[in-house]
Amino acid sequence: MIKSKQIHNPRLVLVVDDHEINRDALEVILEEDYNIIFAENGMECMEKLQEYKDELSIVLLDLNMPEMTGYEVLEKVKKDEALKHIPIIVLTADKSAELKALEMGAADFITKPFDIPGIILARVGRIIELSEGRKLISAAEKDPLTKLYTGSFFFEYAERLFRYHKKLSLDAVVLNIEQFHIVNALNGRDFGDDILSLIGGEINRFLAESVGIACRTGADNFNIYCVGQQDYRELLRRFQSAVNDIAPNVRIHLRMGVRTCQEGVEPVILFDQARAACNVVRGDYQNPLMIYDDNMYKRELLSQRLLNDLRAAVLNKQFKVYYQPKYDIQSDPPRLASAEALIRWKHPELGMISPGDFIPLFEGNGLIGIVDSFVWQEAAHQISEWRQKYGYTLPISVNLSRTDVYDLTLVDRLISLVENSGLDYKDIKLEVTESAYTDNARVVLDVIHRLQKKGFDIEMDDFGSGYSSLNMLSEMPIDVLKMDMKFIRNIETSETDRRLVNLILDIARYLNVKVVAEGVETEGQLGILKDGRCHLAQGYYFSKPLPPEEFEKLIEKELQAGGEEF
């Protein structure tokens, strides 16, 4: 029975001794500071351990007892996962037994007879504090869901492996679940937790067969610091198969980035590089593994340089806006109808930088809004300038990135841009990529509805490159579909592609929206699109993107031919 004299101190002590006089002596010493329970032999001790395993702070254990000795208790406790966390102080008059008891897992010893109570209290208090400290560390050390290390402890232990086990050749592996937030949203958080727990278990099984440590960082990222593997594709397949087995009716995709061991390079740097490799294959379901190499290192250096130079590029007008014309192909001959604004970067030291190098970079870092704002200003200025110069209004399409859509000031900023430039809302057309709709449809739809209601035309860019369902498409506030160029590329030779294009055109007619075909390069492609009643087309068949001074030649040519405002 528990003696609860100290309500403010709930620490529970189990005293195990077959002599009543010893039990009484320890009770007198400890009762003012602890709650105490007793056992008279090893068998009773094991029963009390099982009964109070979650409450006990310490056990004071006599070594020489009938039925089951203290040594046997130590042996059983050591092998029991549920009990081995409880510290044990052995009670003995035999000093030769102390070393053996300590080797068997005892935390400390108290010598009989119990003639100095202060020493006993000090030793009991110290061992309890050490044990509680270890429990706190253990709780913070492991992620309760996956049983892997938490991030901070992982990197501490990885650093120790790196520093003190230099003969180990350890690679950095980053594993990520694609679109995990969507998996949670569609299937529930409990399902998501099951997936995380499963992956953690599979990683632990892998490490049991190899050498290394692992952790979970963030919601769905796993770091594995392990001896180099011959085939990382096979390791990724192993993790993917485990996920497929538990969720055969839900498509969950894993991706992996690897940085192989580099002599003298610390783990934190290796994992930064492995994470960069993992990010490269984001969304690439055909090739979900990337191993970091020197070319990636060079790209990283370039990326950091571009990030550092972004604001200076805006201030110093290193960015240039080019314009690619869109033609009304139902006219004969095709008539200039509008243009798309496309950004270019002429770096003072690096020369012309491809948009493919900096646009995804700025999108990934949330800085694309700076570039977009620059393009909007330049496009609005250009429309006004051409109107004054030619008496001709050429609508221009500009891009809205995902970052822009989440900006609470977006609608007001665009309204101010139009009004301050003396334009009509139809003069600035807003392109939103199909994937932006699928990321957070409700937020995007709300913003786009507000812009459309104000008078802006909304164009869905890259239609067909994402995953919009027809049902979702019917709910989207759009005025124009921009058909992705991959559909156009083979329509002269592929019956399937030609039918897909005609299907998209039929859908657009049903929804009463216009279609722009991107990437038109041949007269044959143009003829098929025209026969399919596609409205507008752009591509190298008509013109590559041009700087304003060269684009003006197209405007002048249109005016000479008697073209009218779109």
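Since the structure is predicted, the reported quantities are computational estimates derived from the model, not experimental observations.
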- Mind running side chain to side chain contact (heavy atoms under 4.5 Å, CB included) on Leu511 and Ile507 for me, showing each step along the way? CA-CA 6 Å; Leu511 297 174; Ile507 292 171; 3.9 Å; yes
Please walk me through it: do Val501 and Met483 pass side chain to side chain contact (heavy atoms under 4.5 Å, CB included)?
CA-CA 8 Å; Val501 166; Met483 191 161 30; 3.9 Å; yes
Q. More than 12 non-hydrogen atoms from neighbouring residues, nucleotides or ligands closer than 6.0 Å to CG on Leu408, yes or no?
A. no
Whether Gln240 side chain and Ile252 backbone form a donor-acceptor pair below 3.5 Å
yes
Checking the side chain of Asp245 only, and the main-chain atoms of Ala242 only, is there a donor and an acceptor separated by less than 3.5 Å?
no
Considering only NZ, NE, NH1 and NH2 on the basic side and carboxylate oxygens on the acidic side, decide whether Lys317 and Glu378 come within less than 4.0 Å. yes
Compile the donor-acceptor pairs under 3.5 Å between side chains in residues 308-315 and protein atoms, sequence neighbours left out, one pair per line.
unit_1 : atom_1 : unit_2 : atom_2 : d
Asn308 : OD1    : Gln304 : NE2    : 3.1
Asn308 : ND2    : Gln304 : O      : 3.2
Asp309 : OD2    : Arg305 : NE     : 2.9
Asp309 : OD2    : His347 : NE2    : 2.8

field: Arg251 with Glu178: basic N within carboxylate O range, under 4.0 Å
entry: no
Before giving the answer on side chain to side chain donor-acceptor pair (under 3.5 Å), spell out for Thr522 and Glu492 the whole-Å C-alpha distance, their side-chain angles and the decisive distance to 0.1 Å.
-> CA-CA 9 Å; Thr522 69; Glu492 292 180 272; 2.7 Å; yes
*Is any side-chain heavy atom of Val280 closer than 4.5 Å to a side-chain heavy atom of Tyr292?*
no
*Does any donor atom in the side chain of Ser241 or Asn244 lie under 3.5 Å from an acceptor atom in the other side chain?*
no
Q: Indicate whether any N or O donor in one side chain lies under 3.5 Å from an N or O acceptor in the other, for Gln452 and Asp479.
A: yes
request  = Check the pair Asp171, Val227 against side chain to side chain contact (heavy atoms under 4.5 Å, CB included), reporting the backbone distance first and the verdict last.
outcome  = CA-CA 6 Å; Asp171 293 351; Val227 170; over 6 Å; no
Donor-acceptor contact present, side-chain Asn316 to main-chain Gln318, <3.5 Å: no
Q. More than 12 heavy atoms of other residues, nucleotides or ligands under 6.0 Å from CD of Glu523: is that the case?
A. no
Over 12 non-hydrogen atoms of neighbours within 6.0 angstrom of CG in Asp231: yes
What one should report as the nearest heavy-atom pair of Pro325 and Leu554 is CG-CD1, 3.7 Å
Regarding Lys326 and Ser397, do their side chains bring together a donor and an acceptor under 3.5 Å, going by distance alone? yes
query = Thr146 and Asp143: side-chain donor and acceptor closer than 3.5 Å?
reply = yes
Mind listing the side-chain donor-acceptor pairs of residues 538-547 below 3.5 Å, one per line with the distance, residues two or more places apart or on another chain?
unit_1 : atom_1 : unit_2 : atom_2 : d
Gln538 : OE1    : Lys482 : NZ     : 3.2
Gln538 : NE2    : Gln324 : OE1    : 3.0
Gln538 : NE2    : Glu340 : OE1    : 2.9

Separation between CG (Asp407) and OG (Ser401), nearest 0.5 Å, reads 9.5 Å
Problem set entry | Mutual orientation of the aromatic rings belonging to Trp345 and Phe319 [parallel < 30°, tilted 30-60°, perpendicular > 60°] | tilted
Taken to the nearest 0.5 Å, the spacing of Leu536 CG from Asp328 CG works out to 6.0 Å
- For the side chain of Asn502 and the backbone of Arg498, is there at least one donor-acceptor N/O pair under 3.5 Å apart? yes
Rounding to 0.5 Å, atoms CG (Asp220) and CD (Gln179) come to a distance of 9.5 Å
So Leu430 and Glu459, do their side chains get closer than 4.5 Å, heavy atoms only?
no
Quick one: side chains of residues 258-273, donor-acceptor pairs under 3.5 Å with protein atoms, not counting sequence neighbours, listed by atom name and distance.
unit_1 : atom_1 : unit_2 : atom_2 : d
Arg259 : NE     : Gln273 : OE1    : 2.7
Thr260 : OG1    : Gln262 : NE2    : 3.3
Gln262 : NE2    : Thr260 : O      : 3.1

Whether the Tyr225 and Glu159 side chains hold a donor-acceptor pair (N or O, under 3.5 Å, no angle test) is what I'd like checked. no
Note to self: Check this for me: Asn512, atom CG, are more than 12 non-hydrogen atoms of other residues, nucleotides or ligands nearer than 6.0 Å?
What the structure shows: no
Ignoring hydrogens and geometry, is there a side-chain-to-backbone donor-acceptor pair from Arg216 to Ala219 under 3.5 Å?
yes
Note: Gly228 and Tyr232 closest approach over all heavy atoms is CA-OH, 3.6 Å
On a heavy-atom basis, the closest approach of Gln229 and Ser210 is NE2-OG, 3.6 Å
Query raised in the report: Just wondering, are more than 12 heavy atoms of other shown residues or ligands nearer than 6.0 Å to CD in Gln230?
Result: no
What one should report as the nearest heavy-atom pair of Pro355 and Arg344 is CG-NH1, 3.4 Å
- Query: Would a distance-only check, ignoring hydrogens and angles, find a side-chain to backbone donor-acceptor pair under 3.5 Å from Ser416 to Asp412?
  - Reply: yes
What I want to find out is whether Arg299 reaches Asp357 closely enough, with some N-O distance under 4.0 Å, to be called a salt bridge.
no
query: Does the side chain of Arg499 pick up a donor-acceptor pair with the side chain of Ser494 at under 3.5 Å?
result: no
message = Tell me whether Arg533 at atom CZ has more than 12 heavy atoms from other residues, nucleotides or ligands lying less than 6.0 Å away.
response = no
Here the gap from Ile370 atom CD1 to Asp372 atom CG, rounded to the nearest 0.5 Å, amounts to 10.0 Å
Shortest non-hydrogen pair, Val173 vs Cys226, comes out as CG2-SG, 4.2 Å
Separation between CD1 (Ile368) and CG (Leu400), nearest 0.5 Å, reads 11.5 Å
On a heavy-atom basis, the closest approach of Ile478 and Met460 is CG2-CB, 4.1 Å
Item checked: Check: Phe162 main-chain N/O paired with His165 side-chain donor or acceptor under 3.5 Å -> no
Checking Thr217 against Asn223 for the side chain to side chain contact (heavy atoms under 4.5 Å, CB included) test, could you report, in this order, the C-alpha distance in whole Å, the side-chain angles of both residues, the deciding distance, and whether it holds?
CA-CA 7 Å; Thr217 61; Asn223 291 345; 3.9 Å; yes
